[in-house]
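Nothing here was measured: the structure is a model prediction, and the numbers come from that model. So that the names make sense, note that chain A is the first sequence line, chain B the second, and so on, each numbered from 1.
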There are 2 protein chains.
Amino acid sequence: MDSRQQILNRSNELKEVFLPHLSADPVIFGFDQNELKVLLLKMNYRKQWLLPGGYVRKDEDLDEAVVRILKERAGITDVYLEEFGVFGKKNRSEFYFEDFDETLFHKQRFVTIGYYALYNPDRFNLIADEFSETCEWIYLSKLPEIVLAMDHRDIIEKALLTLREKISHKPIGYNLLPEKFTLSELQKLYEVILGKELNRGNFYRKIKNLGILKKLDEQRKGGAHKAPDLYSFDEENYLKALENGLSSW
Amino acid sequence: MDSRQQILNRSNELKEVFLPHLSADPVIFGFDQNELKVLLLKMNYRKQWLLPGGYVRKDEDLDEAVVRILKERAGITDVYLEEFGVFGKKNRSEFYFEDFDETLFHKQRFVTIGYYALYNPDRFNLIADEFSETCEWIYLSKLPEIVLAMDHRDIIEKALLTLREKISHKPIGYNLLPEKFTLSELQKLYEVILGKELNRGNFYRKIKNLGILKKLDEQRKGGAHKAPDLYSFDEENYLKALENGLSSW
DNA sequence: ACAAAAGTGTTAATAATACACCCATGG
DNA sequence: CCATGGGTGTATTATTAACACTTTTGT
């Protein structure tokens with residue numbers, strides 16, 4: 001079955017189950033190789049990259065929809081999610097399905113709600129769903145090279161801006177780093193998100209004083225130099241810090 | 001024509017013109033009597049208070065819709081507007097139109113986009129539209145006494161929280177104060193939004209150093225005491241400060 | 001005269017920033 | 001030995017906060 005036929009078949013089913021005109025697009029950030037990356041799908045149809053978005057069932061809350069979409073399209077669960085913007089230009093998806101007729105579910109006008117999510121890529125294997133050719137992490141530095149569908153580039157940019165503002169007030173990292181990590185990995189994450197270098201000594205003291213880290217009895221072996229200590233987040237204090245907010249960075 | 005019949009008549013017209021399932025609700029803040037207030041309508045139907053929300057035309061951007069809604073329902077134009085949240089619980093409006101049948105446009109499930117707006121109440125006369133009995137500014141302190149429809153109380157609360165966070169990073173007041181105002185009026189506004197008292201001397205220096213005020217060659221006459229100087233915002237610097245953000249308050 | 005307003009000085013506490021040094025250790 | 005990491009000291013600068021005093025001026 002070609003991708004065009006596949007989409008046509010799905011359309012009527014979608015009309016039954018989902019609200020028209022409304023979609024949700026999660027921007028899922030990961031951290032790897034000292035760089036931020038975003039989870040994107042390449043649809044069979046059109047070969048453009050897309051956020052792993054989806055629609056809202058008539059019988060579910062919007063919140064529930066995003067969680068479900070994330071699970072269905074990327075196999076992701078238990079993730080920190082936050083709404084960061086609404087994208088409602090009337091022609092934002094005008095051209096994408098232009099070679100279908102107006103009755104296609106997908107071709108409606110959609111207002112989409114943007115959510116950002118932080119996720120540690122180590123924790124799952126990427127499996128593209130039936131409509132997608134691949135599901136891949138794309139480094140932010142590679143984004144300019146790929147073709148993103150509709151306004152998804154704008155959505156990603158706004159998500160990144162929101163993430164940057166967020167990290168100045170709330171701790172981040174719980175979902176972006178592996179369970180065990182070193183201090184310099186954490187620092188790199190902050191530097192990459194904030195887009196500037198931080199002083200190591202000051203970072204060390206500040207993060208320590210937050211009390212959100214637990215020092216483990218292990219080191220990361222195998223490097224060329226002294227084995228760095230491993231840390232993990234102290235869940236309880238981390239959540240407390242999320243509520244109260246931090247001083248600025 | 002009673003209010004029930006009025007709603008029924010409107011329903012089919014609405015289905016033609018507007019997107020289903022999607023609405024926008026502006027929370028319009030005003031400042032008066034040293035207190036914040038919110039613009040609300042009391043619908044003829046049901047006599048509950050509502051935000052002056054509306055629907056999104058099939059042929060307009062979401063942004064345009066909010067501007068139009070504000071104008072149609074409250075006669076407000078040229079206002080600072082910002083999206084602050086999406087409210088999408090599946091049953092959020094379940095009971096409001098319960099004595100109509102399912103074909104009524106209004107009775108659909110709606111996901112609503114919340115916007116907050118700041119507006120100087122001096123600048124217009126309130127005129128309730130044809131569906132509303134009254135259109136009034138309600139002081140925040142009076143909110144607990146009135147009956148708000150659906151989840152509109154939650155929406156207002158979230159708007160207020162967002163406003164409070166915003167004022168710590170961006171200047172506010174341009175649209176909330178009359179064109180000419182005194183420093184103590186501005187300070188009162190900040191105090192009311194932040195919910196705490198500020199030191200006068202420090203406030204004076206800080207606001208001066210921001211350079212967003214122009215001191216006018218006038219005083220406010222007529223008070224019982226020394227006539228306070230009048231200020232207005234320096235539009236250019238005000239906008240600059242909006243972009244760059246401030247230090248915290 | 002009084003009370004509100006404008007403007008300034010001062011100080012203490014705290015936070016942010018930048019550097020520099022020490023030690024430890026794996027290879 | 002040396003590069004990296006861990007840990008600490010310290011000086012500088014800004015920012016916030018609290019308070020107090022002066023001067024101005026409308027009624």
Separation of atom CD in B:Q187 from atom C1' in C:dA4, rounded to whole Å: 13 Å
Side-chain N or O of B:K206 closer than 4.0 Å to phosphate OP1/OP2 of D:dT16: yes
Validation row, ring centre A:Y174 to ring centre A:Y80 under 6.0 Å: no
D:dG5 phosphate, OP1 or OP2, under 4.0 Å from A:K221 side-chain N/O: no
Aromatic contact, A:Y119 with A:F29 (centres under 6.0 Å): no
Check: A:R220 side chain, C:dG26 base, donor-acceptor under 3.5 Å: no
Gap between atoms CZ and C1', on B:R205 and C:dT11 respectively (whole Å): 11 Å
Whole angstrom value for the distance that separates P of D:dA17 from CD of B:E191: 13 Å
Rounded distance (Å) that lies between atom C1' of C:dG7 and atom CG of B:L213: 15 Å
Upstream residue (5' side of DNA chain D) when A:K208 and B:K226 are each assigned their closest nucleotide: A:K208
Residue mapping more 5' on DNA chain C - nearest nucleotide basis, B:N202 or B:T182: B:T182
Per A:S184 side chain, nearest of listed nucleotides D:dG5, C:dG7, D:dG26: D:dG5
Pair A:N199-A:Y204, side-chain donor/acceptor within less than 3.5 Å: no
Proximity of B:F110 and B:F87 rings by center, below 6.0 Å: no
Euclidean distance, atom NZ of residue B:K215 to atom C1' of D:dT24 [Å, nearest integer]: 11 Å
Nucleotide D:dT4, atom C1' - distance to CG of A:L183 in whole Å: 13 Å
Separation of atom CG in B:N209 from atom P in D:dT16, rounded to whole Å: 11 Å
Base of C:dA16 paired with side chain of A:N199 (donor-acceptor, under 3.5 Å): no
Check: C:dA5 base within 3.5 Å donor-acceptor of B:R200 side chain: no
Touch class at under 4.0 angstrom, heavy-atom based, for A:F203 against every strand present: nothing
A:L50 side chain reached by A:M150 side chain, heavy atoms, under 4.5 Å: yes
Distance below 4.0 Å between B:Y204 side-chain N/O and C:dA6 OP1 or OP2: no
B:D229 (side chain) and C:dA5 (base): donor-acceptor pair under 3.5 Å: no
Listed nucleotide nearest any side-chain atom of B:H225, set C:dG7, D:dG6, D:dG26: D:dG26
Spacing of B:E185 atom CD relative to C:dA4 atom P, expressed in whole Å: 15 Å
